[in-house]
Amino acid sequence: MALASKSSPRVELARAKVNLALHITGRQPDGYHLLDSLVVFPQIGDRLAIEAAGELDLQVEGPFARDLTGPVEENLILKAVRSFAEKAGIDVPQVRLTLTKRLPVASGIGGGSSDAATTLRLLEDFTGTYLAEEDLHALALTLGADVPVCLFPEPQIMRGIGGDLSAGPDLPPCGIVLVNPRVGVSTPEVFKSMEQRDNAPMDLMPEKFETLASLVAYLASCRNDLQDPAKGLCPEIGQVLSELEADTRVDLARMSGSGATCFGLCELNAAMDVERALRSSHPDWWIASGPLS
């Protein structure tokens with residue numbers, strides 16, 4: 001299997017990480033915030049390919065490639081390769097990784113974390129070396145707080161400072177539209193602007209949502225506790241949410257993570273039409289749509 005994977009590039013979608021709900025439930029003495037969050041991974045993301053090469057190499061292309069500042073050698077993907085090799089006790093693989101950067105950088109949807117997690121999954125298949133789940137989780141955590149949850153891109157519940165993970169509910173077929181106004185927002189500043197940090201956790205969640213209506217009804221009882229602080233720092237977030245809420249095809253609109261990306265949930269067959277309408281009125285925004293899972 002490992003030999004077959006080396007004969008041609010293996011490609012995987014590094015899915016966006018979207019917080020359908022994000023409750024901040026406390027703060028530790030060390031400054032880390034405690035959270036309770038429902039995380040999903042829609043079929044929208046960066047593209048990552050791996051193939052055999054004469055040396056370790058990373059190529060970055062795509063619409064947001066230029067936004068990845070800093071030396072290539074410091075990219076989290078290359079750090080993931082070297083850390084994997086060290087953890088697995090193998091030589092650093094001689095591979096070429098090609099990242100097509102289609103998600104906005106630092107936009108609240110975990111693009112970099114998902115790229116790193118996808119790299120780890122690709123390396124396991126490429127080398128035929130599979131780490132124990134707890135070792136893979138520990139390795140991922142050294143790369144970033146959001147990398148572990150991105151290892152298995154399926155609905156999950158995040159608690160604690162993000163490392164306490166459990167399986168999320170089964171989701172109904174539905175669509176999601178992601179919108180980013182292409183305006184940066186500082187995550188530390190968003191947390192600093194919070195007035196209340198000891199908020200209630202999410203209500204007890206069912207194991208399965210049969211319909212979009214039932215999912216939306218549950219999420220209506222939830223929040224993103226970072227949304228209002230982020231809107232205060234970045235008014236464009238409010239504009240995005242207003243545009244999504246004004247579209248009758250959108251059943252729920254909310255911000256993901258610390259922003260500035262927002263999402264709208266809708267019927268699967270309406271997602272592309274919502275995307276087209278937003279693109280027509282806001283050609284300067286980044287907009288993408290697809291199945292929620």
Side-chain angles (χ1 to χ4, degrees), residues 5-6 8-18 39 41 44-127 129-131 135-153 162-163 178 180 182-188 256-261 286 288:
S5 66
K6 292 182 180 180
S8 59
R10 178 183 175 88
V11 181
E12 190 168 336
L13 182 68
R15 298 188 181 202
K17 175 187 73 69
V18 176
V39 175
F41 295 87
I44 302 167
D46 295 333
R47 177 186 182 274
L48 193 61
I50 187 172
E51 59 188 319
E55 60 182 359
L56 176 60
D57 180 43
L58 173 63
Q59 300 292 322
V60 182
E61 57 190 30
F64 291 100
R66 68 181 67 181
D67 294 337
L68 291 175
T69 58
V72 173
E73 284 299 308
E74 296 179 8
N75 189 283
L76 199 58
I77 289 175
L78 292 180
K79 185 177 179 181
V81 175
R82 297 189 175 96
S83 297
F84 175 84
E86 181 179 358
K87 190 76 170 181
I90 62 175
D91 293 334
V92 174
Q94 294 184 332
V95 295
R96 175 179 298 107
L97 289 143
T98 302
L99 172 66
T100 305
K101 192 64 184 168
R102 300 188 293 201
L103 298 177
V105 176
S107 58
I109 49 177
S113 296
S114 187
D115 293 342
T118 302
T119 299
L120 295 177
R121 294 197 304 271
L122 286 170
L123 284 170
E124 284 195 321
D125 287 344
F126 185 88
T127 63
T129 303
Y130 296 88
L131 301 177
D135 291 337
L136 186 62
H137 183 280
L139 169 58
L141 191 58
T142 67
L143 299 172
D146 278 347
V147 179
V149 73
C150 296
L151 285 171
F152 305 101
L178 299 181
N180 184 282
R182 296 182 188 261
V183 177
V185 58
S186 166
T187 297
S256 176
S258 59
T261 302
W286 174 81

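For the side-chain hydrogen bond (donor to acceptor under 3.5 Å, both in side chains) condition, the pairs that include at least one residue of residues 78-88, sequence neighbours left out, are E73-R82. Sorted by first and then second residue, the side-chain hydrogen bond (donor to acceptor under 3.5 Å, both in side chains) pairs with a member in residues 135-148 form an empty list; sequence neighbours excluded. Screening residues 114-124 for side-chain hydrogen bond (donor to acceptor under 3.5 Å, both in side chains), with sequence neighbours left out, gives E12-R121, K101-D115, T118-R121.
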If you apply the rule side chain to side chain contact (heavy atoms under 4.5 Å, CB included), what do you find for L56 with V95, and how did you get there?
CA-CA 5 Å; L56 176 60; V95 295; 3.9 Å; yes
Step by step, work out the side chain to side chain contact (heavy atoms under 4.5 Å, CB included) result for I50 and D125.
CA-CA 10 Å; I50 187 172; D125 287 344; over 6 Å; no
Which is it for F41 and K17 under the side chain to side chain contact (heavy atoms under 4.5 Å, CB included) test, yes or no, and what are the steps along the way?
CA-CA 5 Å; F41 295 87; K17 175 187 73 69; 3.7 Å; yes
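Listed here is the closest heavy atom pair of S256 and V18: OG-CA, 3.5 Å. L120 approaches A80 most closely through the heavy-atom pair CD2-O, 3.8 Å. Listed here is the closest heavy atom pair of F84 and L139: CA-CD2, 3.8 Å. The two residues A140 and V147 come nearest to each other via the heavy atoms O-CB, 3.4 Å. For the residue pair T129 and A88, the shortest heavy atom distance occurs at CG2-CB, 3.7 Å. The two residues V183 and A260 come nearest to each other via the heavy atoms O-CB, 3.6 Å.
A donor-acceptor pair is defined here as one N or O able to donate and one able to accept, closer than 3.5 Å; no such pair exists between the side chain of E51 and the backbone of S8. Of the possible polar contacts, none joining the T187 side chain to the S258 backbone as a donor-acceptor pair under 3.5 Å is found.
In this structure, CG on L141 lies 11.5 Å from CG on L136, to the nearest 0.5 angstrom. Residue L103 holds its CG atom at 4.5 Å from CD1 of I109, rounded to the nearest 0.5 Å. Remark: L68 CG to N75 CG distance equals 6.5 Å, nearest 0.5 Å. Expressed to the nearest 0.5 Å, how far SG of C150 lies from CG of L143 amounts to 11.0 Å. The distance from the OG1 atom of T100 to the CG atom of L13 is 10.5 Å, given to the nearest 0.5 Å. W286 contributes atom CH2, which lies 6.0 Å from atom OG1 of T261 (distance to the nearest 0.5 angstrom).
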